[in-house]
Student: 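Let me begin by handing over the structure; questions about it come next.
The figures that follow rest on heavy atoms only: side chains count, while hydrogens, waters and symmetry mates do not. The sequence lines fix the lettering, A, B, ..., with proteins before strands; numbering per chain opens at 1.
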Amino acid sequence: MRAVVCHSRHFKARDKLEALFSSLRRPEIVPLNPVLAEDLFGKVLDEYPDIKTLQKLHSKIVVDQHLHFNPSLGIKLMRAYAACGQTGMTRHIFDESPERNVIFFNVMIRSYMNNRLYQEAFLVFKVMFGHGFLPDNYTYPCVLKVCSASHDLRVGLQVHGAVVKVGLGLNLFVGNGLVAMYGKCYCLVEARRVLDEMPRRDVVSWNSMVAGYAQNARFDDALEVCREMESLRLKLDAGTMASLLPAVTNTSSKNVTYIKEMFENMFNKSLVSWNVMIAVYVNNSMPSEAVDQFLHMEACEIEPDAVTIASILPACGDLSALLLGRRLHQYVERKKLLPNLLLENALMDMYAKCGCLQDARKVFDSMEFRDVVSWTSLISAYGRSGQGRDAVELFEKMQDSGLSPDSVAFVSVISACSHAGLLEEGKHYFKLMIDEYKIVPRIEHFSCMVDLLGRAGRVDEAYSFVKEMPLEPNERVWGALLSACRVYSNMDVGLIAADKLFQLVPEQAGYYVLLSNIYAKAERWQDVMTIRSMIKNRGIKKTPGISNVELSDKVHTFLAGDRSHPQSKKIYEELDVLVGKMKELGYVPETDSALHDVEEEDKECHLAVHSEKLAIVFALLNSKPCTPIRITKNLRVCGDCHTAVKLISQIAEREIVVRDTHRFHHFANGICSCGDYW
DNA sequence: GTAGGGTTAG
């Protein structure tokens with residue numbers, strides 16, 4: 001974030017500097033009046049110039065006998081260097097300054113803090129006393145923030161003691177710092193006590209309390225503090241919304257509505273409040289609402305910043321809204337928001353999720369700095385496309401580049417191995433994670449391993465793995481096992497897994513269907529019927545199949561058997577024509593519903609047409625010949641559709657990319673990239 | 001000057 005802020009500032013500062021230098025070149029004002037020069041240089045430094053401008057300015061100051069060692073300029077230079085990440089230079093100026101005061105120490109501590117050098121910040125704080133300087137009402141809030149950022153309760157408690165001793169306990173900023181520190185350190189009772197004992201509180205004090213609860217997963221308490229604020233007739237602001245964000249991630253629709261109302265009632269909607277609103281939708285799997293909110297924001301002529309774009313990009317990825325995604329990419333280039341690590345990571349992932357692996361790769365290759373997230377995004381992108389070897393190669397390169405893979409990186413690489421059938425490699429990475437990187441495997445890693453073993457046909461080994469794992473197996477673990485049992489027709493283990501799943505998630509229709517598939521393959525029709533009636537008797541609701549397709553900046557959604565689309569009649573007619581041509585090529589529609597279901601769409605839905613077929617025909621009718629068609633589905637592609645889409649790609653001479661819940665299928669010339677195994 | 005908004009898996 002810092003980089004972004006500084007970046008936009010750099011340009012303004014550079015312009016000012018050019019004007020400054022050209023005025024310096026004018027002979028009538030050389031030698032420059034020292035007071036005027038101090039003022040001018042100070043103004044440029046306050047705008048955080050880029051490193052080159054800063055160095056030029058610094059050398060000008062050093063050679064000027066009046067300005068060299070000027071304390072005010074020294075402080076500004078320190079701040080400007082810190083904003084460029086050059087804390088070494090900040091420290092140098094600090095050490096060399098002959099006339100230091102308490103502000104020098106405060107700026108030095110803040111510089112370290114902003115560059116996440118927390119131990120260095122603490123050290124400066126400690127040596128202040130030895131130099132005869134007492135920390136003041138500026139020092140303590142800053143040091144408390146260092147405690148918050150490093151979750152250092154031990155120092156935090158010492159600072160609290162010192163604050164009370166020197167009589168700063170009643171200071172508003174110090175109090176706010178204490179509330180935040182205790183909140184970050186999981187001491188919510190203490191945080192609340194400090195808040196209650198503050199003689200004067202402002203909206204920041206309350207927001208800090210909201211943030212404390214929200215960060216500690218105390219969602220209801222966080223919302224309760226908001227209601228308390230409302231009852232005190234305090235104006236909730238963008239900061240309140242931002243503080244609440246962790247509390248309304250994967251939350252109830254009631255909570256989302258509460259935030260929405262908070263936003264709507266906000267008198268001055270700042271950029272941050274728009275950004276938070278978008279993030280709330282994204283974090284609650286409501287990508288369409290997020291996109292709508294973004295378009296609304298544009299219509300209100302609010303200029304998005306890097307945070308806005310980084311927040312909305314995952315929604316584009318979710319919806320495969322490639323056109324919008326590309327438009328956003330152009331926007332960030334036009335607004336010179338790049339380079340920005342988070343934005344680049346988000347762009348890469350958007351392209352990958354839209355099935356544009358090459359565009360994702362292009363972003364990756366163009367990046368100056370990459371972190372574990374950058375590599376992980378690309379590794380999982382290759383994994384989802386079934387290119388396990390490329391994923392493994394990237395993983396090795398990431399290690400070679402000196403980065404330590406984290407827990408998520410291992411999920412990605414093991415999952416990539418699983419999709420590509422790289423059994424030994426997957427096992428190797430699981431072991432590497434534990435033995436070399438000392439990462440304690442989480443439930444996600446175990447479910448990946450079960451998937452890896454299961455897909456490779458080692459169903460019994462997978463079951464043993466489940467029995468021996470130190471964590472309680474969850475839905476995903478049993479689900480991976482059941483899927484493997486369907487593929488390899490393992491009735492015994494399948495029944496065990498299904499039984500567990502029916503207990504864990506009795507309302508999930510998909511697992512009943514999977515089990516009925518296993519029975520059907522074994523021709524146990526009586527059991528198939530039993531499962532069918534179980535679904536009916538238990539009143540289990542099925543997730544309807546939905547496919548999205550984007551056309552000129554608008555995402556069109558189709559349900560299975562959908563007839564609500566304005567072009568519906570045309571779509572069905574065209575589909576009939578296509579089916580005729582497909583039959584000439586040997587297509588036989590699969591009518592056996594039990595085998596037909598991969599997941600949740602039952603017999604009735606099969607009589608209707610699956611959503612991906614409708615979306616594809618719609619795209620065929622409405623897009624130019626030869627342009628690729630990209631579909632995103634909320635369930636897995638069934639066997640019948642898979643066969644049909646292969647043929648459609650051949651007949652219509654179109655590349656068709658279908659993203660289902662598990663992976664990408666790239667259809668072209670009658671074949672699919674998954675090699676018919678998914 | 002104190003709170004608070006972004007990216008990666010399944």
Student: How close or far is atom C1' of B/dA3 from atom CZ of A/R192, stated in whole angstroms?
Tutor: 15 Å

Student: Does A/K184 have a side-chain nitrogen or oxygen under 4.0 Å from the phosphate oxygens OP1 or OP2 of B/dT2?
Tutor: no

Student: Name all residues meeting the side-chain hydrogen bond (donor to acceptor under 3.5 Å, both in side chains) criterion together with A/Y429; count only those two or more places apart in sequence or in a different chain, and write none if there are none.
Tutor: A/E396

Student: With a 4.0 Å limit, can you tell me whether A/R476 has a side-chain N or O closer than that to the phosphate oxygens OP1/OP2 of B/dA9?
Tutor: no

Student: Can you sort out which residues in residues 195-217 of chain A have a heavy atom within less than 4.0 Å of DNA chain B? Ascending by number, please.
Tutor: A/V204, A/N207, A/S208, A/A211, A/Q215

Student: From C-beta outward on A/A346, which listed nucleotide comes closest to its side chain: B/dT8, B/dG6, B/dT7?
Tutor: B/dT7

Student: A/N283 has an atom CG; how far is it from atom P of B/dG4, in whole Å?
Tutor: 17 Å

Student: Is the phosphate of B/dG10 approached by A/S415 (side-chain N or O, under 4.0 Å from OP1 or OP2)?
Tutor: yes

Student: By the 4.0 Å heavy-atom rule, please label A/R442 as base, sugar-phosphate, or nothing.
Tutor: base

Student: Side chain of A/L245, heavy atoms from C-beta onward: which of B/dT2, B/dG6, B/dT8 has the nearest atom to it?
Tutor: B/dG6

Student: Sequence neighbours excluded and cut-off under 3.5 Å, please list the side-chain donor-acceptor pairs for residues 258-266 of chain A, or say none.
Tutor:
residue, atom, partner, partner atom, Å
A/Y258, OH, A/E230, OE1, 3.2
A/K260, NZ, A/E264, OE2, 3.1
A/K260, NZ, A/Q293, OE1, 3.2
A/N265, ND2, A/E261, O, 3.1

Student: Side-chain polar contacts of residues 142-151 of chain A - donor-acceptor pairs under 3.5 angstrom, sequence neighbours left out - could you list them?
Tutor:
residue, atom, partner, partner atom, Å
A/S148, OG, A/L144, O, 3.1
A/S148, OG, A/M181, N, 3.4
A/S150, OG, A/V146, O, 2.7

Student: Mind checking A/L378 for me? I need base, sugar-phosphate or nothing, with any heavy atom below 4.0 Å counting as a touch.
Tutor: nothing

Student: Please state how far atom CG in A/L343 lies from atom C1' in B/dT7, giving the value in whole angstrom units.
Tutor: 9 Å

Student: Is the shortest side-chain N/O distance from A/R384 to OP1 or OP2 of B/dG10 below 4.0 Å?
Tutor: yes

Student: Is there a donor in the side chain of A/N255 and an acceptor in the side chain of A/N284, or the other way round, less than 3.5 Å apart?
Tutor: no

Student: Would you kindly give the CG-to-P distance between A/D406 and B/dT8, to the nearest whole Å?
Tutor: 13 Å

Student: Within this structure, what is the CG-to-C1' distance between A/D237 and B/dT2, rounded to whole angstrom?
Tutor: 13 Å

Student: I need the NE2-P distance between A/H160 and B/dT2, as an integer number of Å.
Tutor: 19 Å

Student: How close or far is atom P of B/dG10 from atom CD1 of A/I443, stated in whole angstroms?
Tutor: 16 Å

Student: Residues in side-chain hydrogen bond (donor to acceptor under 3.5 Å, both in side chains) with A/R218, at least two apart?
Tutor: A/D221

Student: For A/S412, report the nucleic acid contact type (base, sugar-phosphate, nothing); a contact means any heavy atom under 4.0 Å.
Tutor: sugar-phosphate

Student: Can you sort out the partners of A/E298 under salt bridge (Lys or Arg N to Asp or Glu O under 4.0 Å), two or more places apart, ordered by chain and number?
Tutor: A/R327

Student: Does B/dT2 have OP1 or OP2 sitting under 4.0 Å from an N or O in the side chain of A/R110?
Tutor: yes

Student: Nearest 0.5 Å, please: how far is CG in A/L422 from NZ in A/K427?
Tutor: 13.0 Å

Student: Grab the CZ-C1' distance between A/F173 and B/dG4 for me, whole Å please.
Tutor: 15 Å

Student: In terms of side-chain heavy atoms of A/N137, which of B/dG4, B/dG1, B/dT8 is nearest?
Tutor: B/dG1

